[in-house]
Amino acid sequence: MTTSTMTLSKAINAGLRRSMENDDTVILMGEDIGKLGGVYRITEGLQESFGPRRVMDTPLAESGILGTAIGLAYAGYRPVCEIQFDGFIYPAFDQIVSQVARMHSRTRGAVTVPLTIRVPFGGGIGSAEHHSDSPEAYFTHTSGLRVVSVSNPNDAYWVIQEAVASNDPVLFFEPKRRYHVKGEVELDEAELDEVRPPMGAAHVLVEGTDVTLVTYGGLVQVALDAARAASADGISIEVIDLRSLSPLDFETVTRSVQKTGRIVITHEAAESGGLGAEVAAGITERAFYFLQHAPVRVTGFDIPFPPAKLEKYHLPDLDRILDGVDRALDRRNSLSELG
Amino acid sequence: MTTSTMTLSKAINAGLRRSMENDDTVILMGEDIGKLGGVYRITEGLQESFGPRRVMDTPLAESGILGTAIGLAYAGYRPVCEIQFDGFIYPAFDQIVSQVARMHSRTRGAVTVPLTIRVPFGGGIGSAEHHSDSPEAYFTHTSGLRVVSVSNPNDAYWVIQEAVASNDPVLFFEPKRRYHVKGEVELDEAELDEVRPPMGAAHVLVEGTDVTLVTYGGLVQVALDAARAASADGISIEVIDLRSLSPLDFETVTRSVQKTGRIVITHEAAESGGLGAEVAAGITERAFYFLQHAPVRVTGFDIPFPPAKLEKYHLPDLDRILDGVDRALDRRNSLSELG
Amino acid sequence: MSGLVQLISADGQRLPAPDVETWVADIDDERLLALYEDMVVVRRIDTEATALQRQGELALWPPLLGQEAAQIGSGRALRDDDFVFASYRENAVAYCRGISVTDLVRVWRGTTQSGWNPFTYNMATPQVIIGAQTLHATGYALGIQNRGTDAVAVAYFGDGATSEGDVNEAMVFAASYKAPVVFFCQNNQWAISEPVRLQSRTSIVDRALGFGIPGIQVDGNDVLAVMAVTRLALDRARRGEGPTFIEAVTYRMGPHTTADDPTRYREPAELAEWQVKDPITRLATYLRARGVLTDESSMAVDNTADQVAAELRAGCLGLADPEPLSLFEHVYAAPHSRLAEQRDRYLSYLQMFEPAGATR
Amino acid sequence: MSGLVQLISADGQRLPAPDVETWVADIDDERLLALYEDMVVVRRIDTEATALQRQGELALWPPLLGQEAAQIGSGRALRDDDFVFASYRENAVAYCRGISVTDLVRVWRGTTQSGWNPFTYNMATPQVIIGAQTLHATGYALGIQNRGTDAVAVAYFGDGATSEGDVNEAMVFAASYKAPVVFFCQNNQWAISEPVRLQSRTSIVDRALGFGIPGIQVDGNDVLAVMAVTRLALDRARRGEGPTFIEAVTYRMGPHTTADDPTRYREPAELAEWQVKDPITRLATYLRARGVLTDESSMAVDNTADQVAAELRAGCLGLADPEPLSLFEHVYAAPHSRLAEQRDRYLSYLQMFEPAGATR
Ligand SMILES: Cc1ncc(C[n+]2csc(CCOP(=O)(O)OP(=O)(O)O)c2C)c(N)n1
Ligand SMILES: Cc1ncc(C[n+]2csc(CCOP(=O)(O)OP(=O)(O)O)c2C)c(N)n1
Ligand SMILES: [Mg+2]
Ligand SMILES: [Mg+2]
């Protein structure tokens, strides 16, 4: 096995490069992705290698990026659009929801829209307004899209390639706060099936018996830290990285909850209508008789993302996750008891 | 008490008229709302009465409508924007999510954005593509917005006035399929507190003991029909019209579920990440030990709204709701048993 | 090119227009008569579809009455390998692409969201979201440019659409990349109840100049002039000279759709004024004067139109309703676990209603 | 008005410009010196804020280096009752509005999303979403129009912003209603790493004409010319003549923000070319030649700038971090049950960490 240590951002870059080498219909589009290599350097060096027609700096217009990408898909291309920051995806919302998501079903399968929309997302990096959003739930509620997120370099390398290869449109959420974290990446094609995380499958990162802790993206590491801390306290947490947010891999989560009987879901996005609601509702439907406690949500509050100096209070951290675990374990009062 | 019988559409019209009479900063904006009175005639006669500066036909640009409405709010106005159909709100998504919803918190309360966004929504009327969407969950997940829906003329008359009077931005979802249904409207201001449904409060329309059936908008009547049909079978359904979708009135729903122990939620929007997920998750948190069965969701499928000839299969109807009730009552296999 | 391009006046006179003559030098009497037939046929399609709507066989129909020349003139200028991205009203363009009349009404009968396979006719499914398709056309044009062929993408849209951000962004992208796309705007004076002056205080065609895109304003009721300028624009694109914007000045003589009542918002006098400029009448006058349109040939055209109308009616009435389980098809290209689960459950649900022993 | 308006050349010569002279007839030497001081001060603010960012006291800073004349010339043309809707880069405009230097950096220190109350200074919170504010300005202008006052709304935005649908829709609305709004575009040649030619193949100012809005292109490094054309545009708006678009041709001499490294995407030669046109140097040359700027007055200006910088530093370091529970404030104007519940739970949570008996 050929492995290499690289950062998550470099892993995405390497994955994109490989996709572009394998398939010359793959085209990258976005603001500042060419010479600059993107504000996060995810596309660094790619315009040099593949030229400006395959790594296109676009005018500053997100709806324009998505709309023209659809046209390129019609013409047989496989566009990968970078949205510079989470908070800038909304001008493209109409093209994504009304066009990207519906074109295949609209045409009864005649047109495929094999688009990948890369979105650096989430907080934890002390950014300015509109640079820390977690908009994933808007897209998981949108039929016709697939939504994934990654939390480590190996997943990043493989899932981005799967997203690009997918004939369905994929929203690919990149946790900004994890860009610079290094990890092992398995590069060898021969062993593909073993190392490649199948898009759509959740990943049990840590096995445990007392409570299931479900998350994705930037909070995966926090969840792992929480599991370690809890184990010192004699609590055994099973940590699941969802990876695929739409569809959700309920099979994996249900199997876990059937074992633990308790589940905590954590994400940065607002609680109301966030992904945690869907996981909670879905797991209750699937494992009602196994549940010893209501699914517990530990999320960002129902507020616009706050200024940088406040984000540490807004974002779920180790303590808040452990508090959620305690509640799920009936070691502390939960919402139903608070009234 | 002065009451009057009118259709739901006429009730909104009358409510808007009254708001405009009471407060001359109220301005209506939208496509075709002037001379034509809107494609659904909701604003019929209002331009005649209040002139083109207060009932403004706008250029064909939804982001433009919302963006200029924000400027008018800055200038001390209270704009009421009509989005012609549910499916046309997405071009305005950025202005709604990044501006309307955040302006008050961004400015730490200095700026209020007392906007009302009227959205005819939902299916059941055999419409063309993009004319039957139920986009409410996008907005209930957006902090800073209030979201309401109405199901009968009296609520329509009062809630639209409350929405217009609210200093917070309000999404007001009008069930198209109920526009032409008549009902009594209490017009008398003197009795206001008794007749005015407080914005934010759910309404128990039918009391029952076996199962709680929660819905809003166009499906309320279907839920009432289901309750009637079930009662013939000896099943007592408590029907709740949520009316407020954000915030949700969990107090009312929880009280009901503490009594019935079972809950069915039904809406037209897709299941994944729909409002039903939030209601299910929230009620499980609040009434876990009262629940005899996992909350049951009866919703549109996770598909783009289908062509008119298929909508009757997609939309929850009496039979599908009763099937859901049966599952909640353990009279039929539910998801967890299906595996 | 400045000023309104015209080749046949409202009263049926042939006018010289040196700038564009060359583009229609090959359009002899026979081909003019064919254009005439096209226009008569599509008008007849409109009438029949409207009747079908009144009879409850179609849920809705957006007539193009008055815009026949704009659509036939441009539609007949296209090459097969050009690709059209249009709105809901371009039924005559679709007709030119060879799309069957039955396929035209599928969407309006509510059996599907797309009457045809876009790749069979190189014409996308009519777009309902105003202006969205202009970006698709621009993107498709970028694809053409990458491949180095000389096909062209053509975006059709209305005067109202020019207010949408998307249409303006499409022009930004098209200009920036010099994309081989033609923006064909039918200014039919109205966007439902809103007159064009609400969308723009200046000529619609001026918009393009602000993006550095050449603009041509053409009499949209003059089929020959429309064909000439469309060919000119297509040729520019084929030669790598980038986008062109055409404003076809025309008039929506009917309602916005069969659900609309234009008497609520516009004066009868305005309609009367435009009736005088009717695109079919003027060509008829011209062709009669030349002896090309005779009672005989006119009757032949009408017969063809009647046949097409009959075909439309039969096709429409013959359309089968889709199966319930087709709901779940083609939402995704690859299997999707959640949707598969929903499908399975719905199937079990449906089976409850079946007589015991029946299979599906 | 066609061609680039200029009153003071790059080498500090006073040029005649009959079209606009009258608009700055009142700007005598003393007032010119004041403009000079403004520019020096805001450049000093930039330097200090950049230093604070390097020292970790600010998270980010978007310098306006090179754009002083565009911002001071226009900012000083405004009346108090005009209302400004700007982007993140208009710190010099904010300075003209009387906003304190401490208020300027609050946002960049991350203690708040808005450094000031917009109604105190008639200037909205700097907008991060590119172009969104142009619609707000247009809407505000409609409000002015309704009330019948002669105030004006002013939208500031960049060259890159002109590609966004919103900016184009703002022009549609402004033109349609003849709204008293001035669109002030600082074409600083770059949108982060993208040169202006990627956004437009033609002059940015041309865009306005396509919407029927008069456009003026001005040397954005000439503070006097900028002031003249801004006054002209404001006056048009006040007299009910509707919107004007100003393209101030300037250059972003620094990085996009302190997080940017412009050497990755642009040539040193380009920067050098623009350094010759520096807005402060040219005014200094002019004023020195007139004997207005002397070593003494120059030192006075520098002292003022240093004082402002010291004020900025002290103000910045003095900014208190917000309280955790302020998270829940001002999300809604009226009580919100769900959020109140979240706040209460968070409060109980925080209390778990407190020593027994402590209160909050
Ligand atoms: C984004 C969006 N907003 C609103 C509508 C509703 N609508 C349908 S047609 C129409 C008018 C379009 O006018 P124009 O672009 O001039 O085309 P025409 O109908 O005249 O052919 C409107 C407002 C829509 N379909 N999409
Ligand atoms: C909608 C949106 N898309 C992208 C961005 C990221 N972004 C911030 S500034 C900028 C460039 C803006 O260029 P320009 O309008 O010329 O203004 P300048 O920065 O030069 O003053 C970009 C792309 C954003 N803030 N908002
Ligand atoms: Mg029109
Ligand atoms: Mg710029």
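Every chain is numbered from 1, with letters handed out A, B, ... down the list of sequences.
Ala75(B) and Gly143(D) make their closest contact through CB-CA, 4.0 Å (heavy atoms, listed as atom of the first residue, atom of the second, distance). Scanning both residues, Arg106(B) and Ser114(D), for their nearest heavy atoms gives O-CB, 3.0 Å.
With a threshold of 4.5 angstrom between heavy atoms, Thr112(D) approaches chain B through side-chain atoms but not through N, CA, C or O. Neither the backbone nor the side chain of Ala69(B) comes within contact range of chain D, judged by heavy atoms closer than 4.5 Å. Looking at Asp57(B), only its backbone comes within 4.5 Å of chain D, counting heavy atoms on both sides. Only the backbone of Pro335(D) comes within contact range of chain B, judged by heavy atoms closer than 4.5 Å. For Ala124(D), the parts lying near chain B are the backbone and the side chain together; criterion is any non-hydrogen pair under 4.5 Å. For chain B, the nearby parts of Ala132(D) are the backbone and the side chain; heavy atoms of each come within less than 4.5 Å.
Taken from CD in Gln127(D) to OG in Ser98(B), the straight-line distance is 8.0 Å, to the nearest 0.5 Å. Summarising the geometry, atom CG belonging to Asn122(D) is positioned 11.0 Å from atom OH belonging to Tyr74(B); distances are rounded to the nearest 0.5 Å. In this structure, CZ on Arg102(B) lies 13.5 Å from OG1 on Thr125(D), to the nearest 0.5 angstrom. Taking CD1 of Ile70(B) as the start and CG of Leu135(D) as the end, the distance is 8.0 Å to the nearest 0.5 Å. Distance check: Ser105(B) OG to Tyr332(D) OH gives 9.5 Å after rounding to the nearest 0.5 Å.
In this structure, the side chains of Glu169(D) and Glu62(B) stay at 4.5 Å or more apart for every pair of heavy atoms. For the pair Asn146(D)/Leu72(B), a side-chain contact is recorded, criterion being any heavy-atom separation below 4.5 Å from C-beta on. Contact of the Ser246(B) side chain with the Arg338(D) side chain is not registered, since no non-hydrogen atoms from C-beta on lie closer than 4.5 Å. Residues Phe119(D) and Val111(B) have side chains in contact (heavy-atom distance under 4.5 Å, counting atoms from C-beta outward). Counting heavy atoms from C-beta on, the side chains of Arg108(B) and Trp116(D) never come closer than 4.5 Å. Using a 4.5 Å heavy-atom cutoff, the side chains of Thr107(B) and His330(D) are not in contact.
The candidate from Pro114(B), Pro247(B), Ala110(B) with the greatest count of non-hydrogen atom pairs under 4.5 Å with chain D is Pro247(B). Of the listed residues (Met56(B), Arg54(B), Glu251(B), His104(B)), the one with the most heavy-atom contacts under 4.5 Å to chain D is His104(B). The choice from Gln113(D), His336(D), His136(D) that makes the most heavy-atom pairs within less than 4.5 Å of chain B is His136(D). Between chain B and the options Leu339(D), Ile144(D), Ile129(D), heavy-atom pairs under 4.5 Å are most frequent for Ile129(D). Of the listed residues (Thr138(D), Asp166(D), Val172(D), Val107(D)), the greatest number of heavy-atom pairs within a distance under 4.5 Å of chain B belongs to Asp166(D). For the options Asp249(B), Thr112(B), Leu145(B), heavy-atom pairs under 4.5 Å to chain D are most numerous at Leu145(B).
No side-chain donor from either of Gln99(B) and Gln133(D) sits under 3.5 Å from a side-chain acceptor of the other. No hydrogens or angles considered: a donor-acceptor pair under 3.5 Å links the side chains of Arg53(B) and Gln145(D).
Remark: side-chain polar atoms of Asp168(B) are paired, donor with acceptor, to backbone N or O of Ala334(D) under 3.5 angstrom.
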Exercise for the section: Might you work through the side-chain contact (heavy atoms from CB on, under 4.5 Å) test for Thr58(B) and Phe173(D), ending with a clear yes or no? Expected result: CA-CA 8 Å; Thr58(B) 64; Phe173(D) 277 67; 3.9 Å; yes
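By the neighbour-count criterion of 12 heavy atoms within 6.0 Å, atom NZ of Lys259(B) is densely surrounded, having more than that number from other residues, nucleotides or ligands. Counting heavy atoms of neighbouring residues, nucleotides and ligands inside a 6.0 Å radius, atom CD of Glu48(B) does not exceed 12 of them.
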